[in-house]
Amino acid sequence: MILQALFFYLFSAITVASALMVIGSRNPVHSVLFLILAFFNAAGLFLLLGAEFLAMLLVVVYVGAVAVLFLFVVMMLDVDFVELRQGFLQYLPVGGLVGLVFLVELLLAFSGWVFAPELVSQPVTPIPPLATMTNTAAIGQVLYTHYIFFFQIAGFVLLVAMIGAIVLTLRHKPNVKRQVIADQVHRSQIVEIHTVEPGKGI
Amino acid sequence: MDIATLPSLTPFLPELILGVGALVLLMVGVFSGARATSLVSTLAVLVIIAAGLALLFKTPDGETFNAAFVLDPFARFFKILALIGSGFAIVMSSSFIKREKFEHFEYPVLILLATLGMMLMISANDLISVYLGLELQSLALYVVAAINRDSEKSTEAGLKYFVLGALSSGMLLYGASLVYGFTDHTQFAGIATALAAGPISTGVVFGIVLFIAGIAFKVSAVPFHMWTPDVYEGAPTPVTAFFAAAPKAAAMAMFVRALVGPFGPAIGEWQQVVTFIAIASMVLGAFAAIGQTNIKRLMAYSSIGHMGFALVGLAAGNEAGVQGVLIYMATYLAMTLGSFAVILSMRRNGKMVETTADLAGMSRTHPVTAFIFAMLLFSLAGIPPLAGFFAKFYVFLAAIDAHLYALSVIGVLSSVVGAYYYLRLVKIMYFDEPVAAFEPMSGELRVVLGLSGAFVILFVLFAGQIGAVAGLAAKTFF
């Protein structure tokens, strides 16, 4: 138990510290690297909770895809982040005020929040308890059966995103030579191939 | 471990046709290249017709996918509207595609996918299906808005719509998560029982309000309407015609189903919010449209106003109100499609023109078109005995039934103000000196204009039947 608590504080401290560094560091590449560190530590927190599927998902999706994408954007686009931040102080008072008002409202709304007694004593477990089944297996059992509809529609949403990316960015420029494999293969029937013995020539 | 039984697919048949059709057409387009746009458009219309026929004759009412999807008379009514809107939008774009060299075969495919999203939204019976349907529809719409990627305005429209749309989806999701957290259900039936069971907690009210904010964006109701004029103006005109019709109907269907169905027991909490949104939309729609000179922007403000009128019926929250919303959306769809058929035919010297001054003297250069357009404008203004009058009549009657007198009075007054800019267009067409004539209208636009004109003028003869069908659909919830 004490070990778990120690790891919890370790992971959460590093998460918070690296999250601060993400917005604090001057070099955008450093920001992205700190973001990756934050994701890894958040994944560690999930592991401590026994949610190993979410932990792996976080690493695969956020570190593997999102952060790498960020890195690409940061390195390939010449964005001057110092210039982007110039308006920051100017908008800080208004933005901060709006955020503060919303925070106070949420606090007012939720300060009277009490859990129903049966909820605390008997937490709702839609999935089998950890002892009988890992949660990866539990998700696997319902994802393609009970939630097949949502799964398929999510697939359609991703398809639309893909079509959209292609429609909006793919350009067929004229005068660009492309590799046409069929032509290359076809060439073997036109071009003769001779085996040349070394030192003799044709 | 038991093997899951296959869910019943019969109520899902129209969606299945649309989904598979979209995938097949995508393949057709990819393999026959950019010149296939016309072919893919034709096939897309056929797919929509097939889905409509399946919906009318082959699909029984019922729930499926563990009650995540429901088909009832209400859903059927709105699905037919959505299919009509999308189908005509594709038909109306065909001459535009030819003339403007607008060669993206993805355009009809994306419209099909957006339609699939709309159908899922209309049938959504679970917070997760609401979100997925909405996102499928919206993502396709963002892309379609920016599809003319060489035009700065179109790109701006797409980007603006995307950023604001993502924000509104976020609000909707936050609201949905609060509702789920406080009621312990994502399914509509479960939420309704949980809300009916006891006092409604503040958390749920927060959730419902955020949920309403998210949907209000999609129906472009004030104060979430900012994107509408810019997107309408920036997007290519056939795309605007599509935006104005089917997605509005689908979002309104979801709005009604969510508020009257699962959130029905909390009517005391949301009624004032919807009343405010309705009043603000009607008033802004009426006043902001007065100064517009671009006809697409004018139609945008007009649509904001009309959404306000439709929401009057929802604010009433009773059976008559829902019936009013159904009739309103049906007539709005017909009027919008007809008006955009005219706007799409505004071409001079091989270019689209879109200012109101370009309509000058249309009564002499194109007498029939001008007459039907005038009828559509009278109907949009709500002048009897045209369809628009009956639509307004039903929603206001419901509002008075529900004792929302202030709402009704403000609504009628703002419809008087709104009549000004519709009548101004009629004046420009009939009394101003003619400028050069437009190019002749293409065949399919004539058909759409004729159909919508006939609907608007002859509505009075069928008002009883249409009212009865809408009444049957409204009974779903009561």
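Just so it is clear: chains get the letters A, B, ... in the order the sequence lines come, proteins before strands, and each one is counted from 1. Scope of the values below: all heavy atoms of this structure, side chains included, with no hydrogens, waters or symmetry mates. On a predicted model such as this, the values are computed, not experimentally measured, just so you know.
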Show every donor-acceptor pair shorter than 3.5 Å between a side-chain atom in residues 112-123 of chain B and any protein atom, with sequence neighbours excluded, or say none if there are none.
{"unit_1": "B:Thr115", "atom_1": "OG1", "unit_2": "B:Ser86", "atom_2": "OG", "d": "3.1"}
{"unit_1": "B:Thr115", "atom_1": "OG1", "unit_2": "B:Ile111", "atom_2": "O", "d": "2.5"}
{"unit_1": "B:Ser123", "atom_1": "OG", "unit_2": "B:Val70", "atom_2": "O", "d": "2.7"}
{"unit_1": "B:Ser123", "atom_1": "OG", "unit_2": "B:Lys79", "atom_2": "NZ", "d": "2.7"}

Donor-acceptor pairs under 3.5 angstrom involving side-chain atoms of residues 197-212 of chain B: please list them, not counting sequence neighbours.
none

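Most heavy-atom pairs under 4.5 Å with chain B: of the set A:Thr169, A:Val167, A:Ile166, this distinction falls to A:Val167.
Contacts with chain B (heavy atom to heavy atom, under 4.5 Å) involve these residues of residues 148-157 of chain A, listed by number: A:Ile148, A:Phe149, A:Phe150, A:Ile153, A:Ala154, A:Phe156, A:Val157.
When heavy atoms are compared at a cutoff of 4.5 Å, A:Leu158 does not approach chain B at all. Looking at B:Asp150, only its side chain comes within 4.5 Å of chain A, counting heavy atoms on both sides. Interface residue B:Phe12: only side-chain heavy atoms are found under 4.5 Å from chain A. Heavy atoms of B:Leu141 lying under 4.5 Å from chain A are absent altogether. Using a 4.5 Å cut-off between heavy atoms, B:Ile147 touches chain A through backbone and side chain atoms alike.
In this structure, CG on A:Leu159 lies 6.0 Å from CG on B:Leu23, to the nearest 0.5 angstrom.
In this structure the side chain of B:Val143 never reaches within 4.5 angstrom of the side chain of A:Ile163, judged on heavy atoms.
When the shell of 6.0 Å around CG of A:Leu97 is examined, it contains more than 12 heavy atoms from other residues, nucleotides or ligands.
Heavy atoms only, all atoms of each residue included: A:Ala161 and B:Leu139 are closest at CB-CD1, 4.4 Å.
Counting only residues at least two apart or in different chains, ring-ring contact (aromatic ring centres under 6.0 Å, His included) contacts with residues 9-49 of chain A comprise A:Phe7-A:Phe11, A:Phe39-A:Tyr62.
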